[in-house]
Amino acid sequence: MYYYIFNYLLTLKIACRMNCTRIGLRYYYSTSPFNQRILLLKNAPKVDDALQLFDEMLQRQPPPSIFQFTQLISVIVKMKQYSTALKLFEQMRLMGVPVSILTMNISINCYCRLNQVAYGFALLATLFKQGYSPSLATYSTLINGLVLADRVFEAVELFKKLLRDKLCDPDQVMYGTVINGLCKVGHTSKAIQLLTFMESGSCKPCVEQYSVVIDSLCKDKMVDHALELFAKMTEKGVLADVITYNSLIHGLCNFGRETEAANMLRDMEEVGVSPTVATFNILVNSFCKQGSVKDAEIAVQEMARRGLCPNVITYSALMDGYCLRGEIDEAEKVLNGMMEKDLAPNIITYNSLINGYCKKKQIDKARHLFQEIQDKGLIPDVITYNSMLQGLFESGNPAAARERFNKMQAKGLAPNIYTYRILLHGMCKNSQCSDALALFRSLESKELMEDVGLYNILIDGCNKCGKPNLAVDLFDKLLLKGLKPDVRTYTVMISVHCQQGLFGKAKELLRNMEEKGCLANSVTYNVIVKEFLKEKAFEEAEILLKEMISRGFSPDSTTFEMLLNQIPSTRQDSPIQTIIQKLTNIK
DNA sequence: GTAGGGTTAG
């Protein structure tokens, strides 16, 4: 203890004598007893340990340098404990540890991450009052805060103002922040303009800025443009890093271009960029989504072979893959496997399983798990509730579903569009279409009221509940609102007309929809053919059947059965018999 | 060698 104090005083003395605080600080820093522990925390962050260390540092006399406090709090920020970090700054302030522009910037960042960008700007004002001048990082942090709060327009305005008033000279980070904001709201072309602007100026874009745009292009389904930009940056001598490659691999996988994704993986390794756990997770997830969990398992083995540890994302993707195939036992095995490895499943992990149980109508297991995860301290989110609602409806318990929906709202969880789709669909299916309509009318959110999917559910529901007039009303309302009916809407309406015996209207709608650029699909044809068969309007059915087959659609199993059973044997020579013959041979 | 921006799961 005395040794350290003595050492500290000595270094200060040396520093003063040399009139160079930097050397003093550096010496103190390297011999500090806290230094080692901060370093340890940086490598293996633990909140409790960090807080303990902070207390010790705060009590130490003389207090450690602001440098070390900042380092420690940065560790806490990296752990996303923003509120904690802010509290620690407050404690430091109360103890009289001086603040700096650095601590201010970190505080502003914490407020921004907590979605309290207004407090960030308040701190900026304080900063001015105390005579500090904001740094480039201060402004970048605030711009990013606006982006995080989905206020990209204001972020861009702030950026423009900084340029216009020459308040700062933007660096790569600031450009990157703005480019990221533009991409986030889908203005990728504006982001590309800014990137081009950078290329022509003195602050050249680096891999970070290119990666943001490449990722955004991939998400905009413009993978080829992304590949072009990737080629361009390489030409300019900017080397792609693992994030660039991950974005491209993700983009290729999303559009079924797995072979190219595999080539990309090979390429990156050839140029010395090592794939990470994230790279493999992208592949694992892609395989799982397509239903080939076997390939996903091979990818997991491959990552393990390279010494990369599968994480909670890897296992959750695998579980989801198995659940999608209905292989819940396998999903349970994966869950047990990850827990044996001391990996904590999160709400997304459990959502896969709950959804799996619900889809398999094992509602009791789903209910049990729903309770169990809450006992473990996990909080069900809107997706958990959506799965439960669907499961409850499908297991024939609409009352329990309604109750669960009420509970969800009481907990302050906002239902999303899927919640309402599930709810209205479930209610209609249980002959509660009046209730469903009442609920729909009570919706206040404009966004929800303009969801064609909800209209489809209600129109279909009213029709099946024997209220075709209400279905027609809804369709008119939808058109009146200027919403665009999709193929499902038209298909349901065709079915509505047929059931009312208005076959002329049904056929007219079939032509109408195509004129409006909405192509009929296999379901549309099956619906209308079945209705004609029900009415024994064989000639009409025949014409449509030929039309659908010529367009590459085929009758579904019920249509096929109706054809077999209903076509009178007297019409052996009819084209429809030939079709049946052909189809029977295929089957 | 302390602060600000980019990739992965339902």
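Protein chains get the first letters and strands the later ones, always in sequence-line order, with residue 1 at the start of each. Note that this is a predicted model, so its numbers are computed, not measured.
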NA contact type, [X], heavy-atom cut-off 4.0 Å: base, sugar-phosphate, or nothing?
X      : value
A:T244 : base
A:V207 : base
A:N355 : nothing
A:N346 : base
A:T177 : sugar-phosphate
A:I282 : sugar-phosphate

Practice problem: Identify the residue among A:L324, A:L353, A:N355 that makes a side-chain contact (heavy atoms from CB on, under 4.5 Å) with A:M319. | Solution: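 That would be A:L353.
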Interatomic distance where [atom1] belongs to [X] and [atom2] belongs to [N] [whole Å]:
X      : N     : atom1 : atom2 : value
A:L146 : B:dG4 : CG    : C1'   : 13 Å
A:L127 : B:dG4 : CG    : P     : 16 Å
A:L158 : B:dG4 : CG    : C1'   : 13 Å
A:K219 : B:dG6 : NZ    : P     : 11 Å
A:I243 : B:dT7 : CD1   : P     : 7 Å
A:L318 : B:dA9 : CG    : C1'   : 10 Å
A:F67  : B:dG1 : CZ    : P     : 8 Å
A:N285 : B:dT7 : CG    : P     : 16 Å

Exercise. Could you tell me whether A:E327 and A:K360 have a side-chain N and a carboxylate O separated by less than 4.0 Å?
Key: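 Salt bridge flag = no for A:K360 with A:E327.
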Picking from [options], which would you name as closest to the side chain of [X]?
X      : options             : answer
A:D241 : B:dA3, B:dG6, B:dT8 : B:dG6
A:S247 : B:dT7, B:dA3, B:dA9 : B:dT7
A:S135 : B:dA3, B:dG6, B:dT7 : B:dA3
A:S74  : B:dT7, B:dT2, B:dG4 : B:dT2
A:I106 : B:dA9, B:dG6, B:dA3 : B:dA3
A:L136 : B:dG4, B:dA9, B:dA3 : B:dG4
A:A137 : B:dG4, B:dG6, B:dT8 : B:dG4
A:E208 : B:dA3, B:dT7, B:dG6 : B:dG6
A:N281 : B:dT8, B:dG4, B:dA9 : B:dT8
A:A278 : B:dG6, B:dT2, B:dT8 : B:dT8

Exercise. Return yes if the base of B:dG4 and the side-chain atoms of A:T141 contain a donor-acceptor N/O pair under 3.5 Å, otherwise no.
Key: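 No such pair is found, so the answer is no.
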Quiz item: Do the side chain of A:T70 and the base of B:dT2 come within less than 3.5 angstrom through a donor-acceptor pair of N or O atoms?
Solution: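 It does, because a donor-acceptor pair links the side chain of A:T70 to the base of B:dT2 below 3.5 Å.
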Exercise. Kindly indicate, with the supporting measurements, whether the criterion side chain to side chain donor-acceptor pair (under 3.5 Å) is fulfilled by A:Y210 and A:K232.
Key: CA-CA 10 Å; A:Y210 281 109; A:K232 186 175 157 195; 5.8 Å; no
Quiz prompt | A:R306 to A:F280 six-membered ring, cation-pi geometry met (6.0 Å, 45°) | solution =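 Output no; distance or angle outside limits.
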Practice problem: Determine whether the aromatic ring centres of A:Y175 and A:F159 lie less than 6.0 Å apart. | Solution: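 Aromatic pair counts; centres sit under 6.0 Å.
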Self-check item: Aromatic centroids of A:F89 and A:F69 separated by under 6.0 Å
Solution: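 A:F69 vs A:F89: aromatic centres not under 6.0 Å.
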Practice problem: Any side chain to side chain donor-acceptor pair (under 3.5 Å) involving residues 145-154 of chain A? Give me the pairs, sequence neighbours left out, ordered by first then second residue. | Solution: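 Sorted pair list: A:D150-A:K184, A:R151-A:E154.
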Quiz item: Would you say B:dT2 has OP1 or OP2 under 4.0 Å from some side-chain N or O of A:K78?
Solution: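 For B:dT2, OP1/OP2 do not have a side-chain N/O of A:K78 under 4.0 Å.
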